[in-house]
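All figures in this text were calculated on a predicted structure; none of them were measured in a lab.
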Amino acid sequence: MASGGEQKVVLITGCSSGIGLRIAVLLARDEQKRYHVIATMRDLRKKHQLVEAAGDTYGKTLTLLSLDVCSDDSVRKCIDSVKDRHIDILINNAGVGLLGPVESISMDEMKRVFETNFFGTVRMIKEVMPDMKRRQSGHIIVMSSVMGLQGVVFNDVYTASKFAIEGFCESMAVQLLKFNVKLSLIEPGPVHTEFETKMMEEVAKMEYPGADADTVRYFKDVYIQSSIDIFEALGQTPEDIAKCTKKVIESSRPRFRNLTNSLYTPIVAMKYADETGGLSVHTFYNLLFNFGSLMHITMSILKCLTCSCLRRRTISPD
């Protein structure tokens with residue numbers, strides 16, 4: 001597979017839908033044709049949405065390969081199929097969610113989340129990093145989340161997987177800097193995707209054996225409704241996140257951490273303002289359990305708090 005002269009070879013995981021699909025298409029449609037995009041997904045039978053969105057770029061600036069980030073063999077075979085195993089930009093986007101009372105979630109389900117969100121990303125980085133270090137060139141992008149910075153109730157295991165990858169990348173970035181390899185975290189807040197919508201609908205209908213009645217009620221009647229309010233007020237689109245990611249790739253000095261939604265800057269700042277952790281814990285407790293009916297007002301206050309100086313600390317899609 002040729003790199004196309006001056007084209008940068010970009011490999012993206014998890015491209016069957018959502019953010020991964022939008023990043024792949026946006027880069028493949030670059031007017032200057034600066035990128036040769038290798039879009040990957042675990043099941044190629046789910047390629048139709050990507051192929052349709054790619055249009056005439058498919059087979060030209062965008063090609064498709066099978067890749068399962070949970071399999072050493074699959075990852076190795078995929079990278080081996082790329083000419084000279086040369087990847088200029090690796091975008092780790094593949095991920096899975098997990099939502100609900102922790103008492104009702106099996107250990108196997110929790111391990112599946114870590115296998116994809118944490119070990120899947122580590123597996124990809126391990127495979128491409130030696131070549132990048134030898135060439136003293138490359139950029140590794142990791143799709144993290146604001147949940148990698150701030151814990152969110154009923155997202156305990158998903159949050160833990162994102163905290164883990166943030167810690168891994170923070171450590172790795174120091175070493176890679178010595179080899180002129182860049183590492184950047186993209187940290188979206190709520191994103192409107194088919195995945196999120198479907199998950200919300202499913203969890204509202206499910207039973208949660210092992211969890212007490214009060215916890216299930218708080219989850220279904222309080223948390224789910226608050227989440228819908230938050231998505232309506234703060235949600236971005238996959239296209240927004242794709243544009244933010246492209247900005248990070250094209251920056252001459254890309255930042256390590258990149259919040260995509262300026263409305264989350266006060267939330268993150270609140271956590272770091274109080275080293276005891278009490279401020280953020282009690283604030284989120286009150287928002288969820290005492291002021292749930294005022295969620296819309298709270299979202300409006302957050303918008304007012306997000307002045308231009310805070311927006312400069314985020315990567316805006318526009």
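Within the 4.5 Å cutoff, no side-chain heavy atoms of Ile19 are placed close to those of Thr245. Counting heavy atoms from C-beta outward, Val191 and Asp240 have side chains that stay 4.5 Å or more apart. The side-chain heavy atoms of Thr13 and Leu67, taken from C-beta on, include a pair separated by under 4.5 Å. You'll find the side chain of Arg29 reaches within 4.5 Å of the side chain of Asp56, heavy atoms only. Ile12 is listed as a side-chain neighbour of Val37, based on a closest heavy-atom distance under 4.5 Å. In this structure, Ile249 and Lys8 have side chains that are not in contact, with every pair of non-hydrogen atoms separated by 4.5 Å or more. In this structure, the side chains of Asn258 and Cys244 stay at 4.5 Å or more apart for every pair of heavy atoms. The side-chain heavy atoms of Thr121 and Val69, taken from C-beta on, include no pair separated by under 4.5 Å.
In this structure, Lys220 places its NZ atom where more than 12 heavy-atom neighbours from other residues, nucleotides or ligands lie under 6.0 Å away. Heavy-atom contacts from other residues, nucleotides or ligands closer than 6.0 Å to CD of Glu207 number 12 or fewer. Within a 6.0 Å sphere centred on CZ of Phe119, other residues, nucleotides and ligands contribute 12 heavy atoms or fewer. Environment of CD in Glu52: sparse, with no more than 12 heavy atoms of neighbouring residues, nucleotides or ligands closer than 6.0 Å. Under a cut-off of 6.0 angstrom, the local environment of CZ in Arg123 is crowded, with over 12 non-hydrogen atoms contributed by other residues, nucleotides or ligands.
Shown here are the ring pair (Phe, Tyr, Trp, His ring centres under 6.0 Å) partners of Tyr223, two or more places apart in sequence or in another chain: Phe154, Phe219. Take Asp156 and apply the side-chain hydrogen bond (donor to acceptor under 3.5 Å, both in side chains) test, not counting sequence neighbours, and it matches no residue. In terms of the ring pair (Phe, Tyr, Trp, His ring centres under 6.0 Å) criterion, residue partners of Tyr218 (sequence neighbours excluded) are, by chain and number, Phe289.
When the side chains of ILVMFWY residues are joined at heavy-atom separations under 4.5 Å, either directly or via intervening members, Met132 and Ile125 end up in a single hydrophobic cluster. With hydrophobic clusters built from ILVMFWY side chains whose heavy atoms lie under 4.5 angstrom apart, Val157 shares a cluster with Phe168.
Remark: side-chain polar atoms of Gln236 are paired, donor with acceptor, to backbone N or O of Thr260 under 3.5 angstrom. A donor-acceptor pair under 3.5 Å links the side-chain atoms of Asp212 to the main chain of Thr215, judged by distance alone. Although no hydrogens or angles enter the test, the distance criterion places no donor-acceptor pair under 3.5 Å between the side chain of Tyr35 and the main chain of Ala24. Between the side chain of Lys162 and the backbone N or O of Met143 there is at least one donor-acceptor pair closer than 3.5 Å. Using a distance-only test at 3.5 Å, with no hydrogens or angles considered, a donor-acceptor pair links the side chain of Lys247 to the main chain of Ser316.
There is a side-chain donor-acceptor pair under 3.5 Å between Glu166 and Ser144. Residues Asp68 and Ser74 have side chains that never bring a donor and an acceptor to within less than 3.5 angstrom of each other.
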Donor-acceptor pairs under 3.5 Å, side chain of residues 179-189 to any protein atom, not counting sequence neighbours: which ones?
from, atom 1, to, atom 2, distance (Å)
Asn180, ND2, Gln136, O, 3.1
Ser184, OG, His139, NE2, 2.9
Ser184, OG, Arg255, O, 3.1
Glu187, OE2, Arg257, NE, 3.4

Given salt bridge (Lys or Arg N to Asp or Glu O under 4.0 Å), test Asp80 with Lys77 step by step and report yes or no. CA-CA 5 Å; Asp80 282 346; Lys77 283 181 178 177; over 6 Å; no
Set out, in order, the CA-CA distance, both residues' side-chain angles and the distance that settles salt bridge (Lys or Arg N to Asp or Glu O under 4.0 Å) for Arg135 and Asp131, then state yes or no. CA-CA 6 Å; Arg135 288 187 289 112; Asp131 176 65; 2.9 Å; yes
What verdict does the salt bridge (Lys or Arg N to Asp or Glu O under 4.0 Å) test give for Asp72 and Arg76, after you've listed the backbone C-alpha separation in whole Å, the side-chain angles of each residue and the deciding distance to 0.1 Å? CA-CA 6 Å; Asp72 291 351; Arg76 193 173 302 112; 5.0 Å; no
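For residues 98-108, the set of pairs meeting the side chain to side chain donor-acceptor pair (under 3.5 Å) definition, not counting sequence neighbours, comprises Ser106-Glu109. The side chain to side chain donor-acceptor pair (under 3.5 Å) pairs that include a residue from residues 266-275 are Asp274-Thr276, where partners are two or more places apart or lie in different chains.
In terms of heavy-atom proximity, Arg22 sits nearest to Pro238 at CG-CB, 3.5 Å.
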